[in-house]
Chemist: 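One structure coming up, written as structure tokens, with questions to follow.
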2 protein chains.
Amino acid sequence: MSIEDVASAASVSTATVSRVINNPDLVAKATAKRVQQVIVELDYRPNMLAKGLSTRKTGVLGIALPDIFGEFYSELLRGADSQARALGYHLLVSSEARIRNGDHAESALAFGLIDGLAVMITEPDGRLLPEAERSGTPLVLLDADPEGQKFDSVVVGNESGAREAVRHLLESVEPSQCCFVGGPRENFDTRHRAEAFRSALAERGHRASDEQLSFGTYTTEWGHKWASERIAAKSKRCCGVLAGNDEIAYGIMQACQDGGVSIPGALKLIGFDDSRLASLVRPRLSSVRVPAAEIGEAALRLLVARIKNPSNPRSHLTVQTKLVIRESSVGKGS
Amino acid sequence: MSIEDVASAASVSTATVSRVINNPDLVAKATAKRVQQVIVELDYRPNMLAKGLSTRKTGVLGIALPDIFGEFYSELLRGADSQARALGYHLLVSSEARIRNGDHAESALAFGLIDGLAVMITEPDGRLLPEAERSGTPLVLLDADPEGQKFDSVVVGNESGAREAVRHLLESVEPSQCCFVGGPRENFDTRHRAEAFRSALAERGHRASDEQLSFGTYTTEWGHKWASERIAAKSKRCCGVLAGNDEIAYGIMQACQDGGVSIPGALKLIGFDDSRLASLVRPRLSSVRVPAAEIGEAALRLLVARIKNPSNPRSHLTVQTKLVIRESSVGKGS
DNA sequence: CCCAAGCAGTAAATCGTTTTCATTGTGGTT
DNA sequence: AACCACAATGAAAACGATTTACTGCTTGGG
């Protein structure tokens, strides 16, 4: 089952067999045909390991995410998978844990096994980056701050969509009555979204008060809690909400239903992510679409571009978010 | 950066270095220590390809699914990933397309690259199975009919959960007024679930009429369509529904809300999959839980068991489904 | 003081490819 | 007829590990 068997069966040298497979032009047509035949007959498959060892290319790309759970990552992974196939690569998946503890031998780089790695870093203090740089492994960073980075990257353009969303809210709501209900304050995306919220209000000459921005977690519960409290404390008016993600939005929606606040009648609500949930819920949830699959695709494209041409200048890609208007945010003003 | 560099830096032979890494007991403590030091200093990593070529083990497991999209597959993949890590393996992911067209060189087996493969077959006519058998690659089949198969397998035990669900419905609904609203008739799971539905009714001495079972697709739309039609045609009573999955159930739920049929007042509804949706929706949806992650985990466990002991007898595992009762199915009878 | 045993360590074969370099033979030019 | 370019192939050296013999050196026992 090795190339040598094929060679002797076709009474040629291994070199010739190899050429028939990888570079058919270099061998006489007659020989090529004969060898081909033997290959089929014996059902021979080149051993990828040996091939990889020799060529220093394995045709495997790695992707490392904090988790592969939840719609966002799942979508991202799907994009990566389809793109990998399209580009003729295999995909090695890993959740970050293995990187973080990065315990030397177990590293996600799976040394020698992969031609390149797309990775979403959560702990900037890891040893992965320096290591990759040293070993020259092609790397692309997902959703990480590209400032001053020495690697290719693709990030989510939260600004555009968030801004769009706020502008849309402002069509029917006063700037002072808009709120942003985000996830964890220290989260990369949360910060960007909050910032976009602020600056969209600033465009209208309104300086957002601290009360207009709240931070919690990316869960239904947090949305529910926030909304319930607001409803209880009637003093603080709020007629337009941009939620940090759809889960939060959904929590708010439920609290409003329980509390007799009609959506979109009394409260305009916009989510973030445009998850499956958004179009299933009633009223259908307007939401800022984050094209997760595209991120995965773009990352892999960047990655193979770098592999094919290591001296390219760095690329930093931004996939744009976009408001999808449904029912929860439209209708007459407050 | 190769083992030879380490060897010469520590002034020993490559064999010794290799031993220090893989079998420290075979080398004198003093030498081992010295070599270790050099390894750390030089930050040496064994090349996995070379290692794999030599040992015929790569530490990579493959998993091939029809798609990696949707909550079920995403969960399954997550289970597989975590288990792979726990077992000390890497995970190579592929959607089936690459298998199907199985065009020789591109095969999902990635010859030599993986130590074993977990695969969900959709086309039984593929060349994958015979090929794996011939090449002796360890394989485990996911959710495929284990009858007469020559491989390990893990399947979903639809029966138990479906039966439980029907019994639960029968607590408040007459057997003749129960319906099953399934996905595609030819689907493996659909058939099993329908069968379980039938036999659970049979337990109560009721032979299900054709009208009690409907087949469509696993979509919200199909559920909505089915329910709308039933509501329009008042003649056909139906007070208890087991849906083929949560999507269908959700479609039914919406149609009922539109049509003024109260759930669970006038209609008891149970979904299948226990997806995230089920606990978000109001009324909360009772649903048969299918432990997708466990499938992935079990598959990988079976796989490495086989790798470690190729002559084991075949294992066929069934992960059991289980009814989760929430709001949509409880309350007084019709 | 000698021998067997045991331990440390080495040289070299091996895994299955690719690829360089050398070697043929063939036909075309002068 | 001599020469050259060129196409087709083969032999052998990488690639970077593991592993199997095998060689010296200690030791411990008698």
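No hydrogens, no waters, no symmetry mates; every other heavy atom, side chains included, goes into these values. Below, read A as the first sequence line, B as the second, and so on, with proteins coming before strands; counting in each chain starts at 1. Because the structure is predicted, anything quoted here is derived from the model rather than measured.
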Chemist: With sequence neighbours excluded, tell me which residues meet side-chain contact (heavy atoms from CB on, under 4.5 Å) with B:P184.
Modeler: B:E186, B:N187, B:T190, B:Y218
Chemist: Show which side-chain atoms of residues 26-35 of chain B pair as donor or acceptor with protein atoms under 3.5 Å away, not counting sequence neighbours.
Modeler:
unit_1: B:T31; atom_1: OG1; unit_2: B:A28; atom_2: O; d: 3.4
unit_1: B:R34; atom_1: NH1; unit_2: B:A10; atom_2: O; d: 2.6

Chemist: Check whether any side-chain heavy atom of A:I21 sits under 4.5 Å from a side-chain heavy atom of A:S18, and report yes or no.
Modeler: no
Chemist: Report, one pair per line, the protein and nucleotides 14-17 of chain D atoms (nitrogen or oxygen only) whose separation is under 3.5 Å.
Modeler:
unit_1: D:dC15; atom_1: O3'; unit_2: A:R56; atom_2: NH2; d: 3.0
unit_1: D:dG16; atom_1: OP1; unit_2: A:R56; atom_2: NH2; d: 2.4
unit_1: D:dG16; atom_1: N2; unit_2: B:A50; atom_2: O; d: 3.4
unit_1: D:dA17; atom_1: OP1; unit_2: B:Y44; atom_2: OH; d: 2.8
unit_1: D:dA17; atom_1: OP1; unit_2: B:N47; atom_2: N; d: 2.5
unit_1: D:dA17; atom_1: OP2; unit_2: B:I3; atom_2: N; d: 2.5
unit_1: D:dA17; atom_1: O5'; unit_2: B:Y44; atom_2: OH; d: 3.3

Chemist: Could you work out, with side chain to side chain donor-acceptor pair (under 3.5 Å) as the rule, every residue matching B:Y73, not counting sequence neighbours?
Modeler: none
Chemist: What pairs of residues pass the salt bridge (Lys or Arg N to Asp or Glu O under 4.0 Å) test when at least one of them lies in residues 290-316 of chain B, not counting sequence neighbours?
Modeler: B:D152-B:R306
Chemist: Using a 4.0 Å heavy-atom cut-off to protein, can you give one letter per nucleotide of nucleotides 4-9 of chain C, 5' to 3': B if the base is in contact, S if only the sugar-phosphate is, - if neither?
Modeler: ----SB
Chemist: Who pairs with A:S74 by side chain to side chain donor-acceptor pair (under 3.5 Å), at least two apart in sequence or on another chain?
Modeler: none
Chemist: Residues in side-chain contact (heavy atoms from CB on, under 4.5 Å) with A:S8, at least two apart?
Modeler: none
Chemist: Apply side chain to side chain donor-acceptor pair (under 3.5 Å) to A:D115 and list each qualifying residue two or more places apart in sequence or on a separate chain.
Modeler: A:T58
Chemist: Does A:N309 have any side-chain contact (heavy atoms from CB on, under 4.5 Å) partners at least two apart in sequence or in another chain, and if so, which?
Modeler: A:S311, A:N312
Chemist: Return the set of residues passing side-chain contact (heavy atoms from CB on, under 4.5 Å) with B:T14 (not counting sequence neighbours), or none when no residue passes.
Modeler: B:I3, B:E4, B:A7
Chemist: Please round to 10 degrees the angle between the axis of the first five pairs and the axis of the last five pairs in the helix from C:dC1-D:dG30 to C:dT30-D:dA1.
Modeler: 60°
